[in-house]
K.L.:
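Can you keep this structure in mind? I'll have questions shortly.
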Amino acid sequence: MSIITLDKETYYSKEYSLSKMTTEEYIRDPRFQLIGFSYQIDDGKPTWITGSDKYMAEHLHSLELEKHTLIAQNSLFDASIMSWHYGIHPKFIIDTMSMAAPIQSITKGKSLDALARHFKLGVKGKEVVAAMGKRREDFTPEELARYGGYCDNDVALTYALFNTLREYSTPQEMYVIDMFLRLYTDPILVLNKPLLEQHLVNVVERKEALLAKVEAIVGKDGLMSNPKFAAVLQKLGVVPPTKISKSTGKETFAFAKTDAPMKELLAHPDDRVQAVVAARMGVKSTLEETRTRNFIAMAVRGTLPIALNYYGAHTGRASGAESMNLQNLPRGGTLRQAIEAPPGYKVIACDSSQIEARVVAWLAGQEDLLEAFRNKVDIYSSFASDVYGYEVNKSMTDQRFVGKTAILGLGFQMGWKRFAEQVKSMSGIVISEADAKRVVNLYRSKYYRISELWDAADTAMKIVVAGGTAEFGVGIKLIWASEGVHLPNGMIVRYPGLRYDAEYESFVYDDRYGKRNRIYAGKIIENVVQALARIIVFYQTCKIDKQLRKYDKPQSRFKIVLSVHDEAVTVAPAKAAEKVKEMMVKTMSQPPVWAPDLPVACEAEIGANYGECK
DNA sequence: ATGCATCGCGCG
DNA sequence: AAAGCGCGCGATGCAT
């Protein structure tokens with residue numbers, strides 16, 4: 001098997017370019033045109049190919065990528081063209097841009113230019129021909145040759161970059177990258193266009209009805225802007241509620257729908273106030289409408305390619321992309337329902353249960369909590385029983401919700417104020433200051449090993465700041481050296497520029513974008529736990545993918561079709577759905593080799609569409 | 001016009 | 001001393 005490094009040059013103009021539209025829109029556009037491409041086999045010299053569409057297509061097919069590995073800088077682009085325009089599906093896809101993502105804070109960006117300069121691999125050529133607005137026919141042979149030289153240089157740099165980045169990645173992570181790219185290059189899920197069109201009508205009508213009720217009071221644009229909305233409230237004799245901003249520490253309006261004073265205004269004696277507040281809440285999120293419009297536009301073009309940044313978060317979690325974040329679709333909504341399996345197939349989704357709560361208990365060595373998870377105890381009810389002093393069961397939703405919020409948040413040093421606030425905003429349950437403090441203290445004393453884990457992380461951080469190397473963790477010992485916390489799969493949670501900051505009166509580090517970021521015990525533990533949970537779920541997801549791919553070729557429907565943090569989604573022929581579900585449950589019930597005593601569990605559902613799998 | 005910071009809101 | 005965390009997108013307001 002060879003490694004083929006490749007780069008394509010394609011037509012673009014002022015309006016038709018990747019800076020004006022998504023990759024999917026650009027590649028599926030009728031204006032799309034391949035101008036030429038360079039490729040290099042293993043350590044060989046780059047070759048530039050240009051000519052008629054037929055000639056280039058034949059040359060691409062002659063590379064037999066089905067048997068080889070493709071490398072590109074931003075393979076999302078090159079591999080999608082390969083798949084959507086030429087029906088070529090490489091055996092394995094490597095993307096140097098994705099490989100660079102975990103070390104972005106070191107390389108200061110992940111463009112080919114930035115990476116080549118950082119690693120001193122050479123210089124990315126400046127564009128040698130004016131290509132803007134020119135189709136292939138418009139170039140002179142001499143211009144095309146110069147274009148080829150530029151493209152050859154990019155290919156050589158990309159291959160050198162791959163060899164450099166190898167030592168920062170692992171085979172397992174490369175599999176994850178390939179799997180994520182294929183969510184996009186070989187899309188399987190289908191959008192239900194009629195359903196989306198009807199939904200758009202409903203959403204627009206609902207919004208118009210809300211606005212019609214209050215237009216006389218607020219005018220055309222008094223709802224979205226905070227200062228304007230404040231003026232509207234004042235006009236109605238209401239003092240606009242305020243709060244302290246979490247990001248700036250300054251006073252700001254408390255106009256979010258989770259802000260308690262806003263909720264109270266929904267029951268204001270003046271009907272006009274009620275209507276205005278309800279309208280603001282109903283209009284503030286534009287997600288439903290904009291996403292529906294984007295889905296419809298995409299449905300016209302084809303199936304749903306899923307764009308996820310592999311390693312988008314500081315902790316390695318994936319993040320959304322392409323104006324189409326598929327990790328935050330409203331639960332129980334039409335958008336999820338509109339994502340369907342192809343005809344004759346079913347969607348199967350499998351969720352890892354309370355993975356972070358389990359990992360923090362395991363990392364801390366909190367044996368009683370681990371034992372409860374092992375025995376499949378309903379841990380939310382169980383902790384709520386301790387809080388209330390009587391037996392809480394699943395039917396006691398309020399008490400259980402308090403237990404759930406405690407189990408999911410208090411392991412990361414959440415305080416009593418935030419706890420009470422969160423419970424109230426999510427469920428309406430009011431907890432007194434004394435009770436909130438009691439719950440927090442109960443958690444910290446009952447699960448004292450978790451509090452001790454925070455202390456251990458705090459100590460470790462101070463040792464590292466003083467120039468040393470430290471370790472923390474009971475379930476597994478994690479080494480914290482200068483660059484960050486080393487994880488059992490070879491990856492690192494990085495804290496560049498870790499130091500004490502007098503102005504912030506706190507320890508800080510510089511995030512990916514160079515911004516100062518506070519860091520403290522509970523947050524370190526949360527970061528590390530999130531990173532470990534991600535490693536576990538991604539490992540399980542890859543294992544599911546590998547088992548499915550055995551049944552067909554790489555471009556087949558037998559593969560992972562979506563991943564959302566603690567969830568893996570596949571499609572399977574209706575007849576095989578139960579079997580595939582069993583395989584997924586079995587796979588996601590197994591802990592990784594480095595945590596054999598970690599009790600993991602999962603839940604799976606089968607449906608005709610993604611919405612039915614919840 | 002364009003970039004940047006902030007807020008709100010959707011998810012895990 | 002104590003502090004739940006991690007994202008992306010759209011809208012707004014302000015600076016350039």
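So you know, we letter chains A, B, ... as the sequences are listed, proteins then strands, and number each from 1.
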K.L.:
Considering only C:dG10, B:dG10, C:dG6, which nucleotide approaches the side chain of A:Thr286 most closely?
P.N.:
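Among C:dG10, B:dG10, C:dG6, the one nearest the side chain of A:Thr286 is C:dG10.
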K.L.:
So for A:Asn325 and C:dG8, does any side-chain atom that can act as donor or acceptor lie under 3.5 Å from a complementary atom in the base?
P.N.:
no
K.L.:
Once you apply a heavy-atom cut-off of 4.0 Å, does A:Arg293 come out as touching a base, just sugar-phosphate, or nothing?
P.N.:
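Contact class for A:Arg293: none.
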K.L.:
Donor-acceptor pair, distance only, cut-off 3.5 Å: does the side chain of A:Tyr184 make one with the backbone of A:Glu24?
P.N.:
yes
K.L.:
Could you check whether A:Ser245 gets within reach of a base, just the sugar-phosphate, or nothing at all, counting any heavy atom under 4.0 Å?
P.N.:
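The residue A:Ser245 makes sugar-phosphate contact but no base contact.
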K.L.:
Just the rounded figure in Å: distance from C1' of C:dC5 to CD of A:Glu526.
P.N.:
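So the two atoms are 3 Å apart, to the nearest Å.
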K.L.:
Just call it for A:Leu329: base, sugar-phosphate, or nothing, with non-hydrogen atoms closer than 4.0 Å on any strand.
P.N.:
sugar-phosphate
K.L.:
Touch check for A:Lys417, heavy atoms < 4.0 angstrom, all strands: base, sugar-phosphate only, or nothing?
P.N.:
nothing
K.L.:
Which part of the nucleic acid, if any, lies within contact of A:Arg534, taking any heavy atom under 4.0 Å across all strands shown: a base, the sugar-phosphate backbone alone, or nothing?
P.N.:
nothing
K.L.:
Within a radius of less than 6.0 Å around CZ of A:Phe507, do more than 12 heavy atoms belonging to other residues, nucleotides or ligands occur?
P.N.:
yes
K.L.:
Mind checking A:Phe419 for me? I need base, sugar-phosphate or nothing, with any heavy atom below 4.0 Å counting as a touch.
P.N.:
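Answer is nothing: A:Phe419 stays at 4.0 Å or more from every strand.
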K.L.:
In whole angstrom, what separates A:Arg516's CZ from B:dA5's P?
P.N.:
13 Å
K.L.:
Taking atom NZ of A:Lys243 as the centre, report whether more than 12 heavy atoms of other residues, nucleotides or ligands fall under 6.0 Å from it.
P.N.:
yes
K.L.:
Does B:dC7 have its OP1 or OP2 closer than 4.0 Å to a side-chain nitrogen or oxygen of A:Arg280?
P.N.:
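Checking A:Arg280 against B:dC7: no side-chain N or O falls below 4.0 Å of OP1 or OP2.
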K.L.:
From the set C:dA3, C:dG6, C:dG4, return the single nucleotide nearest to any side-chain atom of A:Phe412.
P.N.:
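Taking heavy atoms from C-beta onward, the closest nucleotide is C:dG4.
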K.L.:
Give the rounded distance in Å between these two atoms: OH of A:Tyr443 and P of C:dG4.
P.N.:
13 Å
K.L.:
Give a yes/no answer on whether the side chain of A:Asn527 brings an N or O atom under 4.0 Å of OP1 or OP2 in C:dG6.
P.N.:
yes
K.L.:
Which nucleotide sits closest to the side chain of A:Ala313: B:dG8, C:dG4, C:dC7?
P.N.:
C:dC7
K.L.:
Answer with base, sugar-phosphate or nothing: what part of the nucleic acid does A:Arg518 contact at a heavy-atom distance below 4.0 Å?
P.N.:
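The residue A:Arg518 makes no contact with any strand.
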K.L.:
Checking contacts here: which listed nucleotide (C:dG8, C:dA3, B:dG8) is nearest the side-chain heavy atoms of A:Asn309?
P.N.:
C:dG8
K.L.:
Is a donor-acceptor pair below 3.5 Å formed from side chain A:Arg291 to base B:dG10, judging by atom type as modelled?
P.N.:
no
K.L.:
Looking for any heavy atom pair under 4.0 Å, which part of the strands does A:Glu288 touch: base, sugar-phosphate only, or nothing?
P.N.:
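Contact class for A:Glu288: none.
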K.L.:
If you only use heavy atoms from C-beta on, which nucleotide in B:dG10, B:dG12, C:dC7 is closest to the side chain of A:Gln530?
P.N.:
B:dG12
K.L.:
Whole angstroms only, please: what is the CG-C1' distance between A:Asp566 and B:dG12?
P.N.:
6 Å
K.L.:
Would you mind telling me which of C:dG6, C:dG8, B:dG8 lies closest to the side-chain atoms of A:Ser319?
P.N.:
C:dG8
K.L.:
For A:Glu567, which contact category applies under a 4.0 Å heavy-atom criterion: base, sugar-phosphate, or nothing?
P.N.:
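Nothing: the residue A:Glu567, judged by heavy atoms under 4.0 Å, touches no strand.
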K.L.:
From B:dC7, C:dG4, C:dG10, pick the nucleotide closest to the side chain of A:Ser323?
P.N.:
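Nearest to the side chain of A:Ser323 among the choices is C:dG10.
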K.L.:
DNA chain C: A:Pro227 or A:Asn517, which has the more 5' nearest nucleotide?
P.N.:
A:Asn517
K.L.:
Mind checking A:Ala321 for me? I need base, sugar-phosphate or nothing, with any heavy atom below 4.0 Å counting as a touch.
P.N.:
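Sugar-phosphate only.
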K.L.:
Quick one: the side chain of A:Arg317 and the base of C:dG6, do they pair up donor-acceptor inside 3.5 Å?
P.N.:
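Under the 3.5 Å cut-off, the side chain and the base do form a donor-acceptor pair.
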K.L.:
Verify the contact: side-chain N or O of A:Lys614 to OP1 or OP2 of B:dG12, cut-off strictly under 4.0 Å; return yes or no.
P.N.:
yes
K.L.:
Can you tell me the Watson-Crick or wobble partner of C:dG4, both distances under 3.5 angstrom?
P.N.:
none
K.L.:
Ignoring backbone atoms, establish whether A:Lys437 has a side-chain N or O less than 4.0 Å from OP1 or OP2 of C:dA2.
P.N.:
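No.
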K.L.:
Output the rounded distance in Å from CZ (A:Phe538) to C1' (B:dG12).
P.N.:
11 Å
K.L.:
What about the rings of A:Phe180 and A:Phe538, do their centers lie closer together than 6.0 Å?
P.N.:
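Centroid distance A:Phe180-A:Phe538: below 6.0 Å, so yes.
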K.L.:
Which nucleotide in the set C:dG4, B:dC9, C:dG6 lies at the smallest distance from any side-chain heavy atom of A:Gln422?
P.N.:
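The answer is C:dG4, which lies nearest to the side chain.
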K.L.:
Less than 4.0 angstrom between a side-chain N/O of A:Arg331 and OP1 or OP2 of B:dG12, yes or no?
P.N.:
yes
K.L.:
Closer than 3.5 angstrom, by distance alone: can the side chain of A:Ser432 be matched with the main-chain N or O of A:Asp435 as a donor-acceptor pair?
P.N.:
yes
K.L.:
For A:Glu289, answer base if it contacts any base atom (sugar-phosphate contacts may also be present), sugar-phosphate if it contacts only those atoms, and nothing otherwise; contact means non-hydrogen atoms under 4.0 Å.
P.N.:
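Answer is nothing: A:Glu289 stays at 4.0 Å or more from every strand.
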K.L.:
Stacking check: are the rings of A:Tyr520 and C:dA3 less than 5.5 Å apart at their centres and under 30 degrees in tilt?
P.N.:
yes
K.L.:
Measure from the side-chain N and O atoms of A:Asp458 to the backbone N and O of A:Ala521, and report whether any donor-acceptor pair falls under 3.5 Å.
P.N.:
no
K.L.:
So what does A:Gly320 touch, heavy atoms closer than 4.0 Å: a base, only the sugar-phosphate, or nothing?
P.N.:
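Sugar-phosphate only.
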K.L.:
Can A:Asp378 and A:Lys404 be counted as an ion pair, charged N to O under 4.0 angstrom?
P.N.:
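Answer for the salt bridge query: no.
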K.L.:
Indicate yes or no for a side-chain donor-acceptor contact from A:Arg518 to the backbone of A:Tyr504 under 3.5 Å, with no hydrogens or angles considered.
P.N.:
yes
K.L.:
Which whole-number value in Å describes the distance from A:Lys515 NZ to C:dG6 P?
P.N.:
12 Å
K.L.:
Rounded to the nearest angstrom, tell me the gap between atom CZ in A:Arg336 and atom C1' in B:dG10.
P.N.:
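That distance rounds to 10 Å.
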K.L.:
What's the CE-P distance between A:Met414 and C:dA1, to the nearest Å?
P.N.:
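Distance check: A:Met414 CE to C:dA1 P gives 23 Å.
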K.L.:
So does A:Tyr26 get a backbone contact from the side chain of A:Tyr16, meaning a donor-acceptor N/O pair under 3.5 Å?
P.N.:
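Confirmed, A:Tyr16 side chain pairs with A:Tyr26 backbone.
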K.L.:
Report yes if at least one side-chain N or O of A:Ser225 is closer than 4.0 Å to OP1 or OP2 of C:dT12; otherwise report no.
P.N.:
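Result: no.
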K.L.:
Reckon A:Lys250 touches a base, only the sugar-phosphate, or nothing at all at heavy-atom distances under 4.0 Å?
P.N.:
nothing
